[in-house]
Amino acid sequence: MVDSTNPETIALHAGWRADPTTGSVAVPIHQTTSFQFQDTGHAARLFGLAELGNIYTRIMNPTVDVLEKRVTALEGGVAGLALGSGQAATTFAVLNLCEAGDNIVSSTDLYGGTWNLFANTLKSFGIEVRFVDPVDPQNFVNATDDRTRCWYAETLPNPKLRVFPIAEVAALGRRIGVPLIMDNTAAPVLCKPLALGAAVVMHSTTKWIGGHGTSIGGMVVDGGNFDWEANAARFPTLNKPDSSYHGAVWTQAVKPLGPIAYIIRMRVILLRDLGAPMAPMNAFLTLQGLETLPLRMERHCANAIKVASFLASHPAVASVTHPSLMTGENKRRADAALKGGYGSLLGFELKAGAEAGRKFIESLKMFYHVANIGDARSLAIHPATTTHSQLNAEEQAASGVSPGYVRLSIGIEHIDDILADLSQALDAAA
Ligand SMILES: *Cc1c(COP(=O)(O)O)cnc(C)c1O
């Protein structure tokens, strides 16, 4: 096994060398639901968590396991769990700590799907989400009480693309014993939230990690850097005897295996009861994408910077949103959290407004008009009528979506072709 902290090497080698029976270098697709036990003692040890191993693919699968190890290594965590989608990853990350009557504090700058989950569905479960503006990190502390189980935010949230002050907020949380969960979907490789103090990282692997628009998936990575016992009353799911697992107390039960109470509980309780595993085939396809992620991020970022400066000087464009063009505190936060690039999401507003935005999108020839982001191909969308259409006008404005705003996810094509397509579509919309 290759031991490296460099993302280029981790992406190709972490968690796998070769198949011990066949010598296969590519990770095999273990398309099976179940695994034969060696004997009854082996089966009993696996069920009793005395030994970790494969039982049933809802809980664990060897192909999925390699992806879990690789993304965990990339984020610098101790263990990870792959799920059927990014939405499932967010849901599990929060439900692993919360029961009815509890609350969490979340940044207002969120993916639309996360907003709906937090504002409506979790509420219907009796879990309150308190939204605060990340402009002032102290807002997180002010919204926290004894029933607050975690804080939640995105590294590089679109459409505003204001980078979250991870180190500042994580440090405030640690002072009062509240963990920060970061959605790092838009900034893999560029940002290491765990190193900045976050306790947990989640990803929609659907986006940059998979990178080729083939497979929906999610990941949760446990940083192993948060003391769930020091303030045991705040984390009942990890510190109370679990009646569904022979009275196990998760912070104690898995101690010999390392600081993995959070992620083990998510696997053996939430994945067992709620389902939503990642399929082996999707793990294989996501691993294929992950192998070239560091290389793709370089090109994504280099192209996005060129697009940002092209649009900023274009006469038809009123404003451009990209961290590379920001100033003051927003630029400082971007530089503090992101290394090697400012990501490949970019927004802009046409001077001629919403109708011109629609015409621009319809005039694109190479960019795809899709709801995805993070694909190797360049993508465009009009958020007000699509991704953010389930929010009311007030919520749209609060999340930074104005009627004429166009969102781009810049791909890895040749920059000349990207700029040529944007240029002709801007002319057509004029
Ligand atoms: C897409 C996305 C999600 C949800 O992921 P799915 O894989 O689509 O379920 C969550 N957070 C962010 C930032 C996303 O872009």
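Just follow the structure's listing: the first ligand is 1, and inside any ligand the first atom is 1.
With respect to Asp102 and Arg147, a salt bridge is recorded, a charged nitrogen being found less than 4.0 Å from a carboxylate O. Salt-bridge annotation for Arg296 and Glu298: absent, with no side-chain N of the basic residue lying under 4.0 Å from a carboxylate O of the acidic one. Here Asp222 does not pair with Arg265 in a salt bridge; the nearest charged N to carboxylate O distance is not below 4.0 Å.
Atom 13 (C) of ligand 1 has Asp183 OD2, 3.3 Å as its closest protein atom, hydrogens excluded (heavy atom only). Scanning all protein heavy atoms for the shortest distance to atom 1 (C) of ligand 1 gives Lys207 NZ, 1.4 Å. The protein heavy atom nearest to atom 6 (P) of ligand 1 is Gly86 N, 3.4 Å. At the top of the distance list for atom 9 (O) of ligand 1, counting protein heavy atoms only, stands Gln87 N, 2.9 Å. Among protein heavy atoms, atom 8 (O) of ligand 1 sits closest to Tyr111 OH, 3.9 Å. Given atom 7 (O) of ligand 1, the protein heavy atom at minimum distance is Thr206 OG1, 2.6 Å.
Atoms of ligand 1 found under 4.0 Å from any heavy atom of Ser85 (numbered from 1 in listed order, with element): 7 (O), 9 (O).
For the pair Ser204 and ligand 1, the shortest N or O to N or O distance falls below 3.5 Å.
A donor-acceptor pair shorter than 3.5 Å can be found between the side chains of Thr148 and Asn103.
Using bins of under 30°, 30° to 60° and over 60° for the plane-to-plane angle, the ring pair Phe140/Trp151 lands in the tilted bin. Ring-plane geometry between Phe235 and Trp228 is classed as perpendicular, the angle between the planes exceeding 60 degrees on a 0 to 90 degree scale with a lower cut at 30.
With a 6.0 Å radius and a threshold of 12 heavy atoms from other residues, nucleotides or ligands, Asp146 has its CG atom at or below the threshold.
Here Ile373 has side-chain heavy atoms under 4.0 Å from ligand 1, and that is the only part of it that gets that close.
Heavy atoms of Gly217 come nearer than 4.0 angstrom to ligand 1 in at least one pair.
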